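A quick note: this is a predicted structure, and the numbers were derived from the prediction, not measured.
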Amino acid sequence: MHLVLDNRGQNRRPALEHNRNTLTVLWGSYLGICREMRGNGQMFEKSYAQFMREQRALLTLTLDTDEPVELGDFIGAFTSLANEFDRFVETEYPGAHSDPKMYVKEVRHGSIEADIFTGVKAIAPIVIAHIDQIMLLEDFVRRWGERFKAILTGGYAKGQLESSSELKDWADTAKAIASDPAASHTLKAAYFEDGKKEIRASFIFNASQARTALQNIEDRKKALAKPDHHAHERVLMIFTRSDINDADVGKSSGERVKIEELSDKSLSIMYGSEVAEARIKHEIRDADENVYKKGFVVDVLVKVRSGKPVAYSITNVHDVLDLPD
């Protein structure tokens with residue numbers, strides 16, 4: 001089911017339209033009505049008003065724009081936030097889970113505002129009361145803002161923003177306003193008491209920051225795709241494929257070796273110094289013994305991708321040993 005809401009919340013034909021008078025937005029089945037299952041399997045409809053009576057704390061997301069928002073980017077701004085909230089709850093509140101419901105509350109010229117009921121549910125004996133809910137949402141908004149700032153500065157903590165799914169969600173967060181010079185994105189944690197709305201925490205970023213974030217996310221993806229380097233000293237290396245020809249320093253030589261201390265597989269090598277290459281090539285070209293009957297005690301940099309060694313860079317040769325038959 002799809003609904004289109006204008007500034008009066010009425011059903012309209014599916015459209016994405018922006019002009020001087022109105023902004024009309026297509027959304028999905030979360031607008032206005034959520035369907036849930038009763039214990040006997042029957043469907044019932046829970047309205048926005050029912051959620052408001054049941055939960056005093058909620059998140060509010062506002063997109064202020066001068067230009068039309070591409071539909072996919074619009075949806076991505078909301079789904080990425082829900083995904084990040086799920087991760088937050090799983091990490092910070094073991095034993096609880098979330099089921100966010102999103103309602104586009106107000107659509108007017110240049111602005112889209114949505115309320116998000118996080119639907120955090122606890123597994124006994126944990127109890128999450130109203131006061132706990134708002135503290136949870138305040139914490140989420142502050143940490144969400146801190147993570148966005150980390151993306152802007154590139155100051156990532158160890159283990160932070162390393163998965164492709166997280167990077168995609170943060171890119172989706174920024175895309176909705178990145179192409180609009182005057183746009184902004186605001187996330188708030190709100191608490192209702194005695195009919196009054198109180199904003200407990202908020203974070204806002206603008207279009208310029210969104211574009212910076214998108215570029216930094218791309219840079220982060222490229223950095224994570226590059227192999228890591230781990231140094232090891234005085235390990236025993238045995239050739240499984242050799243080549244008498246020289247290779248440029250830092251380039252693959254076409255040769256393969258096995259270092260059993262580091263991997264049970266034969267991996268390709270490159271030379272990290274001309275001195276190391278000259279010593280090894282001498283043994284390959286000029287020595288009387290077969291190079292495959294020799295062991296090389298070397299220092300290497302292990303290039304690692306996804307936690308697994310993929311290649312070696314030989315930086316120093318300490319000794320050459322004759323291997324027993």
Side-chain angles (χ1 to χ4, degrees), residues 57-67 69-70 72-94 96 98 100 102 110-116 118 120 132-191 197-226 228:
L58 55 80
L59 296 172
T60 298
L61 176 60
T62 304
L63 303 179
D64 288 313
T65 63
D66 276 354
E67 298 181 358
V69 180
E70 199 279 323
D73 293 342
F74 168 71
I75 294 173
F78 292 95
T79 56
S80 61
L81 181 63
N83 291 340
E84 189 64 20
F85 186 79
D86 284 341
R87 295 187 190 101
F88 170 77
V89 171
E90 289 174 3
T91 301
E92 301 297 328
Y93 297 87
S98 64
M102 306 177 188
S111 183
I112 310 166
E113 184 173 305
D115 286 341
I116 305 170
T118 55
V120 178
D132 299 319
Q133 290 271 1
I134 187 57
M135 292 176 65
L136 182 152
L137 297 185
E138 285 181 57
D139 192 19
F140 171 70
V141 171
R142 292 192 180 100
R143 296 194 188 197
W144 190 87
E146 289 171 0
R147 297 195 79 180
F148 189 84
K149 290 178 182 177
I151 294 172
L152 290 179
T153 61
Y156 306 106
K158 183 175 177 59
Q160 188 179 53
L161 288 175
E162 292 186 348
S163 72
S164 58
S165 59
E166 283 183 286
L167 291 170
K168 180 184 182 303
D169 283 336
W170 282 102
D172 288 344
T173 294
K175 282 179 183 177
I177 68 165
S179 60
D180 188 331
S184 65
H185 178 296
T186 306
L187 179 64
K188 300 176 183 177
Y191 186 70
K197 182 179 182 180
E198 180 183 356
I199 303 302
R200 296 289 188 87
S202 65
F203 182 80
I204 183 171
F205 64 88
N206 59 32
S208 175
Q209 292 170 317
R211 290 189 290 273
T212 299
L214 287 173
Q215 182 58 58
N216 289 349
I217 288 169
E218 285 302 310
D219 293 343
R220 179 70 167 166
K221 289 179 182 177
K222 293 175 182 177
L224 292 172
K226 292 180 179 179
D228 292 329

Minimal heavy-atom distance between Ile151 and Asn216, with the atoms involved, is O-ND2, 2.8 Å
At their closest point, which heavy atom of Gly155 faces which heavy atom of Gln160, and how far apart are they?
-> O-OE1, 4.3 Å
Compute both the distance and the angle, then confirm whether Arg143 meets the cation-pi test with Phe88: under 6.0 Å from the six-membered ring centre, within 45 degrees of the axis.
-> no
Verify side-chain contact (heavy atoms from CB on, under 4.5 Å) between Phe205 and Leu187, making sure each step is shown before the conclusion.
-> CA-CA 9 Å; Phe205 64 88; Leu187 179 64; over 6 Å; no
Please report the shortest heavy-atom distance between Ile217 and Ala171, naming the atom on each side.
-> CD1-N, 3.5 Å
Please test Asp169 against Arg87 for side-chain contact (heavy atoms from CB on, under 4.5 Å), starting from the C-alpha separation and ending with a verdict.
-> CA-CA 11 Å; Asp169 283 336; Arg87 295 187 190 101; 2.6 Å; yes
Mark yes or no for whether Gln215, through its side chain, and Thr212, through its backbone, hold a donor-acceptor pair below 3.5 Å.
-> no
Answer yes or no: is there a side-chain heavy-atom contact under 4.5 Å between Arg200 and Leu137?
-> no
Between Lys222 and Glu218, does at least one N-O distance fall below 4.0 Å, as a salt bridge requires?
-> no
If you take all heavy atoms of Ile177 and Ala183, which pair is closest and at what distance?
-> CB-CB, 3.5 Å
Contact summary for Ala174 and Ala213, nearest pair of heavy atoms | CB-CB, 4.5 Å
For side-chain contact (heavy atoms from CB on, under 4.5 Å), just list the numbers for Glu84 and Thr173, CA-CA rounded to whole Å, side-chain angles, deciding distance to a tenth of an Å, and then say yes or no.
-> CA-CA 10 Å; Glu84 189 64 20; Thr173 294; over 6 Å; no
Interatomic spacing from NZ in Lys149 to CZ in Phe203 - rounded to 0.5 Å = 5.5 Å
Is the closest side-chain donor-acceptor distance between Ser184 and Asn206 under 3.5 Å?
-> no
Go through the steps for Leu59 and Phe140 under the test side-chain contact (heavy atoms from CB on, under 4.5 Å), then give the verdict.
-> CA-CA 10 Å; Leu59 296 172; Phe140 171 70; 3.9 Å; yes
Please say whether more than 12 non-hydrogen atoms of neighbouring residues, nucleotides or ligands are located less than 6.0 Å from NZ in Lys221.
-> yes
Can you name the closest pair of heavy atoms from Lys188 and Ser202 and give their distance?
-> CG-CB, 3.8 Å
Between Arg220 and Leu161, is there a donor-acceptor pair closer than 3.5 Å when you use the side chain of the first and the backbone of the second?
-> yes
Return the orientation label for the Trp170 and Phe148 ring planes: parallel under 30°, perpendicular over 60°, tilted otherwise.
-> tilted
